Amino acid sequence: MTSVFESTAPENSQPDVVEAAMRPFRPASRQFWIAIALLTLVVVIGIAAWIYQLQNGMGVAGYTDRSFWSIYISDVVAIIGVSYGGAVVSAILLLTGASWRAPLVRLSEGMALVTVMVGALLVIPHLGRPDRLINMVLHANTASPVFWDMVAIIIYTFATLVFFLLPLVPDTATLLDSHPDELGRGRRFLFRFISRGWVGSTEQRRVLHSAMIVVAIVIIPLAVSVHSVLAWAFALVSRPGWHESIWAPYFVIAALYSGVALVILVAAGFRRGYHLEAFITTMHFVRLGFIMAALGAVYVYLTFADLLPSAYVGEAGPNEVIYGTLFGGVAVWFWLFVVAGTILPIVLIALPWTRNIWGIVIAAVLVVIAMWIKRLIMVIETSGYSRLTNSFGDLFQFTWVSAAVTLSAVAAIPLLLMLLFRVVPLLSIAEVQHLTGDTDDPVAEVSSPGKASHGRAAGTAGAVILLMVALGAVGATQAQPAYAASDPAVLRAGAADPTVNVTAVADGLENTLTATVTSSGKPVEGALVSFYESTTMFAPGDNLVPLGAVQTDATGTAEVTYEAAVTGPRTISATYLPTVLGDPVTGTATLDVTEAVSHYAPPPPRALASVGRTLVFSLFGLVIIVFIILIAQVVRVRRACRPALNESVEHVSLT
Amino acid sequence: MTSLSGSGKRHGPRVDLGLTPVGAEANPLGAEVNLGITPAGEELDMSRRKLLRGLGLAGVAAAGGALGLVAYRDEAQAAPVEGASGQDHQWCRVVDLRACKGERKCVSACQERHGLPPEQTWMRTLSWHDETGEEFFMPVMCQMCQNPPCLNVCPVSATTKTEQGVILVDQDLCIGSRACMAACPYEARYFNWNAPAPTNRMPEPSPNTPEFPTNQIGTVGKCVLCADRIPYSNDLPACVEACPRGAHFIGDLVTDIAVNGQSTVKLSTFLREGNAVRFKEELGTNPRCYYIPGNGQTVGGPLEGVQ
Ligand code: SF4
Ligand code: SF4
């Protein structure tokens, strides 16, 4: 082993990143374990509360029919949202070549991974029947936004995992090399597994870098998709306040805004806990703070843009919901969000004398909390509005159950992060070394082939995606349930006798029923004759359907025409009331209708129905492609490591 | 009202998207797939290219498989009904607002028949006062939308539409996501929030079919048009039977007949002569519930004073 690893030995004034990365692996302080114990307690209480909720119904969490969606779904949106912060710091800054991100990447990627998993788990208390979750797969309805929520979360979680694991390959190799004994057996085993075959050759580093670029390119649209689909779970229903075209980008910006805030908090926490001041400096906080403030400004703008159109047009529902937000039931919370969630943080970052670590951390705390509140009011305000009575029901009320479950999710994030970074290094050693000039520049060396290669990968992905969309378009079937209208009808009439004689003549669809009323052999003029056809519908026996009432003319004849709706034998009857209180006189005729036409025509499909189908098929194609691209990156890195396993000496000598 | 037969005709000319409906063409296309991996560089690309191409082809194959599997669940859109098809019956209801005086007998009959707790009113009667102080009533229940938003968003296809146009919820599939409650514009759906679940209130033995569901904790329920009584030849829906004024009609669009337990009418004539309207027509839900106004009610209700 003559490669880069030797140069990692501390030899100058640069902070020793390997030493710093080893800190969490040494025996922890008592405070650490106390914190772990407390957080675990909160998590356990939350799980107990959830079990209580399972047994007693979601009513115990404060849910009612006028708060059918509330705290848990806002928790899901807020917590999966912060996960995006990990993506932005890591992926966007990686792609834009912002190398100052180096000490933050592992922390933010770990945060992204942990939060997306905690957020996804919170869907479970949100469901009335979590025991049937498997139906989401077995009976999936691909037209449902909730189904695509699940797909997007799964694929995003997978991408986050790949993004987190790939850079661990060189780092674990470095630590195995430098501190083999201090790692402990468990970590040694894990690190050997992750880094097997890695010798740090130029080729390996080039492949790894290129793979990371591809994953970064993929993870950004994936994160956008997750928050968009979450937004569409709301926006695809016609409720005032939710049915807004702006909601998807609104959610994405909200996710970025709160996510960067949480990156700041995580960085501050671990910086303090493991004394990383030498790596994570005020500069990092200030830059993250600027990003956060800019996103905050965009969020304020989008909030205004969300409210104005519906407030301006006087439609009842949207107007009431906006009025409720600004001045009604949740107004206190809304204005608290405006002040504490947007104005204060932006001011704290803008003013030079609060633009320090403390000021920025306070701003981040405010943002994280206020953004959660904002999500909650967006959910409960609309869900509390009944579109039937055009009024608000009782808005959501906290109970100890929903509070405990929410707190438990909040506690789970630092808990899992603290445990995670006792297992894997919390600094991206390779990147920090590269940043501080500790090692030769693998990226600069190989940048052009690397770029060519990921350019090609991206091109391939693009081509395949286009192809899938085309396939989807072609495959879009327009199968409709086959409702066949009945055929034209001809009515054939029989004859009947007593004082009212009925005849029926068919002429195409027009059936003419004629009744002749005679009294003592003479025609009766001006008699009101009611015509009926019998049906077996809605009754065990015959049920008479009125066809109209007509007065007889001078010849004692009354006539109606009608179209039969269904074929089959029936009785036609004509009834005449000689006196108001007397018995009706009825004549009947048996008919066998062989052809008829129904007024019913099945509704045509919606104009855009087939587009939805195409979209669904294309999306499936996309999902599969993204999985393939991600897996291919892991395979690439593993393959690059494989020759080294067998012929490591030879290979290293080449570098 | 509006044309009975052509509720969809108002959509105007249909957009022809020029999509070829098909199945077979997918395969030839699949075979032509060229992933376009033209190696610009040289080094070690042979094996990687093979690998990528292998993965790509596997992906296209998998995608093709998935396309076949997830056929958009047509059966949820037209669930078969035993004994009769969609060509025999298309059920609907008519509410004659002229007759309704707010006795709410339909509400209690429905709750009793389906073992519902007081807060669950599959059938409910709204009321409001106009400027002169006169009170109006409007019974509202699941409108049996033919383009049901609730069905579209259900992630597990627990909500289905039968061939005869009845929207039902399978209590054994429902995962309680409440997406349908969010989607229903008529607030017709109710969740079983609390235990002990309303289950125990059901008369035993309950068949627990979508047509006559047993309420379970954590699932969604709504008016089922008393579909277990179809074809309604012996019993009419409980609300129809209960109304002393004959305000509720159950009808069949195919045979063009409706009854309220007291009289029988020719449906199309009745709707035309009563100037029937549908609730929230503008939402495109294509509901199967017709209201006959006539006492000056605003269908859909005024903005204020509705209970
Ligand atoms: S009224 Fe509501 S529950 Fe009934 S079919 Fe329409 S959307 Fe579904
Ligand atoms: S049809 Fe049956 S379920 Fe529906 S409201 Fe009437 S009684 Fe209730």
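Any value given below was found using the heavy atoms of this structure, including those in side chains, with hydrogens, waters and symmetry copies removed. In what follows, every chain begins at residue 1, and chains take the letters A, B, ... in the order their sequences are listed. The structure presented is a predicted model; accordingly, all values stated were derived computationally and were not measured.
- Contact of A:Thr535 with chain B is made through the side chain alone, with heavy-atom distances under 4.5 Å.
- Of the residues considered (A:His243, A:Glu533, A:His126), A:His126 shows the highest number of contacts with chain B, using heavy-atom pairs under 4.5 Å.
- A distance of 7.0 Å separates CD1 in B:Ile217 from CG in A:Asn56, rounded to the nearest 0.5 Å.
- Within the 4.5 angstrom heavy-atom criterion, atoms from both the backbone and the side chain of B:Asp172 approach chain A.
- Proximity of a side-chain donor or acceptor of A:Asn141 to a complementary backbone N or O of B:Cys154 within less than 3.5 Å is detected.
- Only the backbone of A:Leu544 comes within contact range of chain B, judged by heavy atoms closer than 4.5 Å.
- In terms of heavy-atom pairs under 4.5 Å with chain A, the best-connected choice from B:Thr219, B:Leu236, B:Ile257, B:Asp252 is B:Ile257.
- Contact annotation for A:Trp242: only side-chain heavy atoms (C-beta onward) come within less than 4.5 Å of a heavy atom of chain B.
- Of the atoms belonging to B:Val140, it is side-chain heavy atoms, and not backbone ones, that fall under 4.5 Å from chain A.
- Both the backbone and the side chain of B:Pro185 come within contact range of chain A, with heavy atoms under 4.5 Å apart.
- Only the side chain of B:Arg124 comes within contact range of chain A, with at least one heavy atom under 4.5 Å from a heavy atom of that chain.
- Among the candidates B:Val259, B:Ile250, B:Thr255, the single residue satisfying the side chain to side chain contact (heavy atoms under 4.5 Å, CB included) test with A:Met537 is B:Thr255.
- Formation of a donor-acceptor pair under 3.5 Å by the B:Asp256 side chain with backbone atoms of A:Ala565 is not found in this model.
- A salt bridge links A:Arg239 to B:Glu187: at least one charged side-chain nitrogen sits closer than 4.0 Å to a carboxylate oxygen.
- Interface residue B:Ala258: only backbone heavy atoms are found under 4.5 Å from chain A.
- Heavy atoms closer than 4.5 Å to chain B are found nowhere in A:Val123, neither backbone nor side chain.
- Of the listed residues A:Leu133, A:Asp131, A:Leu547, A:Val237, the one with more heavy-atom pairs under 4.5 angstrom with chain B than any other is A:Val237.
- For B:Cys150, no part lies under 4.5 angstrom from a heavy atom of chain A.
- Ranked by non-hydrogen atom pairs under 4.5 Å with chain B, the options A:Asn135, A:Asp65, A:Thr382, A:Val545 are led by A:Asp65.
- Side-chain contact between B:Phe279 and A:Leu388 is present, with heavy atoms from C-beta onward closer than 4.5 Å.
- At distances below 3.5 Å, at least one donor-acceptor pair connects side-chain atoms of B:Arg178 with backbone N or O atoms of A:Phe68.
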